[in-house]
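In what follows, a structure is listed as structure tokens, so that the remarks can point back to it.
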Protein chains: 2
Amino acid sequence: MNIGDVSQRTGLPAKTIRYYEEIGLVRPLRGENGYRQFRERDVHKLGFLGRARSLGFSIDDCRGLLALYEDEGRASADVRHIAKAHLEKIDGKLAELGAMRATLAHLVEACAGDHRPDCPILADLALEDDKAET
Amino acid sequence: MNIGDVSQRTGLPAKTIRYYEEIGLVRPLRGENGYRQFRERDVHKLGFLGRARSLGFSIDDCRGLLALYEDEGRASADVRHIAKAHLEKIDGKLAELGAMRATLAHLVEACAGDHRPDCPILADLALEDDKAET
DNA sequence: CATAGAGATTCCCGCTACTGGAAGGTCAAG
DNA sequence: CTTGACCTTCCAGTAGCGGGAATCTCTATG
């Protein structure tokens, strides 16, 4: 199967698939003409990668997950460990974004948003921080 | 004032300050010795940038906010527009992360996490989602 | 005066995970 | 034979810096 078909089937851009080969996540065969020849396993692996990436796993996480996936003797604890670590990262990100959102929403609400120059958003950003005011 | 002092006062790494100069966000003077000489306005501007960045505004957003900040005749609506657009981006990310978190938390919970190889996390990632059964 | 060490400078590479584009080879159809 | 869709490689760029080398400059001390 050529890269175009694989792209269609996995939903991954061809560029991305080539990149995954470059960094050793997948190793398709090569035809006489130099074209990449993907086997079912390759396609399957790429699907796996696509789903893992869409859950926010890093490429490095994916590498680990893929290795475990192909290791019949794995311990599910190892997989769970990667997933839990990622979950914690997500939670951290959520907390950070939540805090940003709260501050920003507050400021946006306080801003008249008209033709006048007075703006609480700018005022807040301009704060001299030697007097931290909340 | 030298870059080290500015770094202390703003909390921004010296590297970051040099980078901000490079991309034209701030323009300190230069002394005879080639050292950057920061005026109060520069320091103030960098503090502004630091706070805006910590709220997640992109460098490009910051450029716009800074221009408005320095424009005495600005309309607060323009500032509010940038902030609102950013707020929406944050909401988008929050939704996305929230969905990831839900899926992942569910999988982590379903995984025994012991020595056995059976793992719902891998099973989910490995799902064949082709309509045609293979 | 010499020297040490702190702080400054520029320069270039590296990171994440791709994306875009140029220059060119290959293949099937008309 | 030509067209156009595919495929190939390679180069460059993205955001927002961080690391580290090689090289000044300043200040303090013996």
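Nearest-nucleotide mapping onto DNA chain D: of A/Gly4 and B/Tyr35, the residue sitting toward the 5' end is A/Gly4. Each of B/Ile3 and A/Tyr20 has a nearest nucleotide on DNA chain C; the 5'-most of these lies closest to B/Ile3.
Between B/Arg27 and B/Glu21 there is no salt bridge, since no side-chain nitrogen of the basic residue lies less than 4.0 Å from a carboxylate oxygen of the acidic one. Salt-bridge formation is not detected for the pair B/Lys45/B/Asp42: no Lys NZ or Arg NE/NH1/NH2 atom is positioned less than 4.0 Å from an Asp or Glu carboxylate oxygen.
In this model, the phosphate group of C/dG7 is not approached by any side-chain N or O of B/Asn2 to a distance below 4.0 Å at OP1 or OP2. Contact annotation: A/Thr16 reaches the phosphate of C/dT19 (side-chain N/O to OP1 or OP2, under 4.0 Å). Under 4.0 angstrom from either OP1 or OP2 of D/dC6 there lies no side-chain N or O belonging to A/Arg36. Listed pair A/Arg18 / C/dA17 fails the phosphate criterion, with no side-chain N or O lying under 4.0 Å from OP1 or OP2.
Across the protein-nucleic acid pair, A/Asp5 atom CG and D/dC7 atom P stand 7 Å apart, rounded to whole Å. Following rounding to the nearest Å, A/Arg63 (CZ) and C/dT16 (P) show an atom-to-atom distance of 10 Å. The nearest whole Å value for the distance from the CD atom in A/Glu21 to the P atom in D/dC7 is 14 Å. Per the geometry, CD1 belonging to A/Ile17 stands 11 Å off P belonging to C/dT19, to the nearest Å. The CD atom of A/Glu22 sits 14 Å away from the P atom of C/dA17 (whole-angstrom rounding). Put simply, CG on B/Asn33 is 11 Å from P on C/dA8, counting in whole angstrom units. Between the C1' atom of D/dC17 and the CG atom of B/Leu46 lies a distance of 15 Å, rounded to the nearest Å. In this entry the distance linking CG of A/Leu49 with P of C/dA17 reads 12 Å, nearest Å.
In this structure, B/Arg53 reaches the sugar-phosphate backbone alone: every heavy-atom distance under 4.0 Å involves primed, P, OP1 or OP2 atoms, never a base.
Residue B/Leu49 is tested with B/Thr10, B/Leu65, B/Leu66 for a side-chain contact (heavy atoms from CB on, under 4.5 Å); the sole match is B/Leu66.
At a cut-off of 3.5 angstrom, the base of D/dG18 holds no donor-acceptor pair with the side chain of B/Tyr19. With hydrogens and angles ignored, no donor-acceptor pair closer than 3.5 Å exists between the side chain of B/Lys15 and the base of D/dG16.
The minimum heavy-atom distance linking A/Ile121 with B/Ala83 is given by the pair CD1-CB, 3.8 Å.
Using bins of under 30°, 30° to 60° and over 60° for the plane-to-plane angle, the ring pair B/Phe57/B/His86 lands in the tilted bin.
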